[in-house]
Amino acid sequence: MMTRKDFLKRIFQLSVIGAFPALYSWQVEPFWVEFVQRKLSVKNLPAELEGKILMQISDLHVGDRFDYHFLIGSFQKAKQFEPDFVVYTGDYVNHGSTEDHEKLKKVMSNAVMGKLGTFGILGNHDYGKKWKDLGSSEITCRILENHGITMLNNAQEESHGLNFIGFDDLWSPNFDPMSVMKDYDASKANIVLVIIPMFVIKRYGTVIKAGF
């Protein structure tokens with residue numbers, strides 16, 4: 001991992017100011033994990049689910065960006081929260097290559113699983129080159145489902161009184177939120193899953209956030 005001294009040296013070597021965010025996300029952000037607790041309310045939440053934990057994990061980007069063993073170590077830390085529900089919100093792989101998918105299998109064999117349910121949606125990177133490779137997205141889905149994750153691609157599923165609604169990625173060929181929202185029931189306790197750019201853990205009553 002790059003030291004602080006080497007990182008600062010690299011920053012000064014850059015002649016274009018706009019390159020700073022790219023370097024930051026490439027060298028620093030992948031190795032940043034932070035756990036923060038927040039309050040989270042869910043309308044119509046059944047009384048028996050009050051105080052339960054929902055963990056959201058996003059933007060794994062398995063590939064050549066960094067050593068995937070870092071993710072496995074982060075999963076081990078996340079498991080200590082013993083979540084009741086876990087949701088994975090996209091970008092499991094970085095490029096959607098065969099190598100990415102093989103590494104993803106190893107990472108997801110150590111996945112954090114919810115005691116009551118585990119769900120997932122896809123992100124743009126899961127669609128491979130130009131975010132249009134349906135074959136890549138299907139492989140990613142199959143890997144996740146083989147490891148016990150219920151994938152919600154413009155779909156919804158209820159678990160123990162909590163209804164999960166999953167949107168496919170905005171930039172993907174499969175983005176079609178109305179195909180699931182036409183059946184939206186406001187009387188249920190609904191959680192809508194969309195991809196966000198960080199590793200987040202949420203809890204009913206408390207939100208525990210881990211930032212990459």
(request) Considering non-hydrogen atoms only, spot the tightest contact between Cys141 and Asn153 and give its length. (result) SG-ND2, 3.5 Å
(message) My understanding is that only residues two or more places apart in sequence, or in another chain, count here; which of them pass ring-ring contact (aromatic ring centres under 6.0 Å, His included) with His101?
(response) none
(message) To check you understand the geometry: which heavy-atom pair defines the closest contact between Phe81 and Ile53, and what is its length?
(response) O-CD1, 3.2 Å
(request) May I ask you to test the Asp91-Asn124 pair for a side-chain heavy-atom distance under 4.5 Å? (result) yes
(request) Only one of Glu158, Glu157, Gln156 passes side chain to side chain donor-acceptor pair (under 3.5 Å) with Asn163; say which it is. (result) Gln156
(request) Starting at NZ of Lys52, measure out to CD of Glu50 and round the result to the nearest 0.5 Å. (result) 11.0 Å
Ignoring hydrogens and angles, write down the donor-acceptor pairs under 3.5 Å from the side chains of residues 104-113, residues two or more places apart or on other chains.
residue, atom, partner, partner atom, Å
Lys105, NZ, Glu102, OE2, 3.1
Ser109, OG, Lys106, O, 2.6
Asn110, ND2, Lys106, O, 3.0

(request) State the OG-CZ distance between Ser137 and Arg142, to the nearest 0.5 angstrom. (result) 10.0 Å
(request) Could you tell me whether a side-chain N or O of Asn44 sits under 3.5 Å from a main-chain N or O of Lys188, the two making a donor and an acceptor? (result) yes
(request) For residues 103-123, pull every pair meeting ring-ring contact (aromatic ring centres under 6.0 Å, His included), keeping only residues two or more places apart or in separate chains. (result) Phe119-Phe164
(request) Return the minimal non-hydrogen interatomic distance between Leu49 and Gly161, and the atom names on each side. (result) CD1-C, 4.3 Å
(request) Might you point out which heavy atoms bring Tyr92 and Met151 nearest each other, and give the distance in Å? (result) OH-CE, 4.0 Å
(message) Nearest 0.5 angstrom please: Asp84 CG to Thr118 OG1, how far?
(response) 10.5 Å
(request) Please name the residue in the list Asp133, Asn174, Asp169 that meets the side chain to side chain donor-acceptor pair (under 3.5 Å) test with Tyr127. (result) Asn174
(message) Counting C-beta onward and ignoring hydrogens, is there a side-chain heavy-atom pair between Phe167 and Ile121 closer than 4.5 Å?
(response) no
(message) Below 30° counts as parallel, above 60° as perpendicular, anything between as tilted: where do the rings of Tyr88 and Phe75 land?
(response) perpendicular
(request) Say whether, by atom type as modelled, one donor and one acceptor occur between the side chain of Asn94 and the main chain of Asp100 under 3.5 angstrom. (result) no
(message) If we ignore hydrogens and angles and just use 3.5 Å, is the side chain of Ser159 paired with the main-chain N or O of Leu116 as donor and acceptor?
(response) yes
(message) If you compare all heavy atoms of Leu162 against all heavy atoms of Ala189, which two are closest, and at what distance to 0.1 Å?
(response) CD1-O, 3.4 Å
(request) Measure the shortest side-chain to side-chain distance between Asp64 and Glu99 over non-hydrogen atoms and say whether it is less than 4.5 angstrom. (result) no
(message) Quick check: do Asp176 and Asp168 have side-chain heavy atoms less than 4.5 Å from each other?
(response) no
(request) Report the C-alpha distance between Leu60 and Tyr68 in whole Å, list the side-chain angles of each, state the deciding distance to 0.1 Å, and finish with yes or no for side chain to side chain contact (heavy atoms under 4.5 Å, CB included). (result) CA-CA 9 Å; Leu60 300 179; Tyr68 68 85; over 6 Å; no
(request) Identify the heavy atoms of Ser136 and Asp126 that sit nearest to each other, and give their distance. (result) OG-O, 3.4 Å
(request) Give me the ring orientation class for Trp131 and His125: parallel if the planes are under 30° apart, tilted from 30 to 60°, perpendicular past 60°. (result) tilted
(message) Please report the interatomic distance CG(Leu122) to CD(Glu138), rounded to the nearest 0.5 Å.
(response) 10.0 Å
(request) Check for a donor-acceptor pair, side chain of Ser58 on one end and backbone N or O of Thr89 on the other, with a separation under 3.5 Å. (result) yes
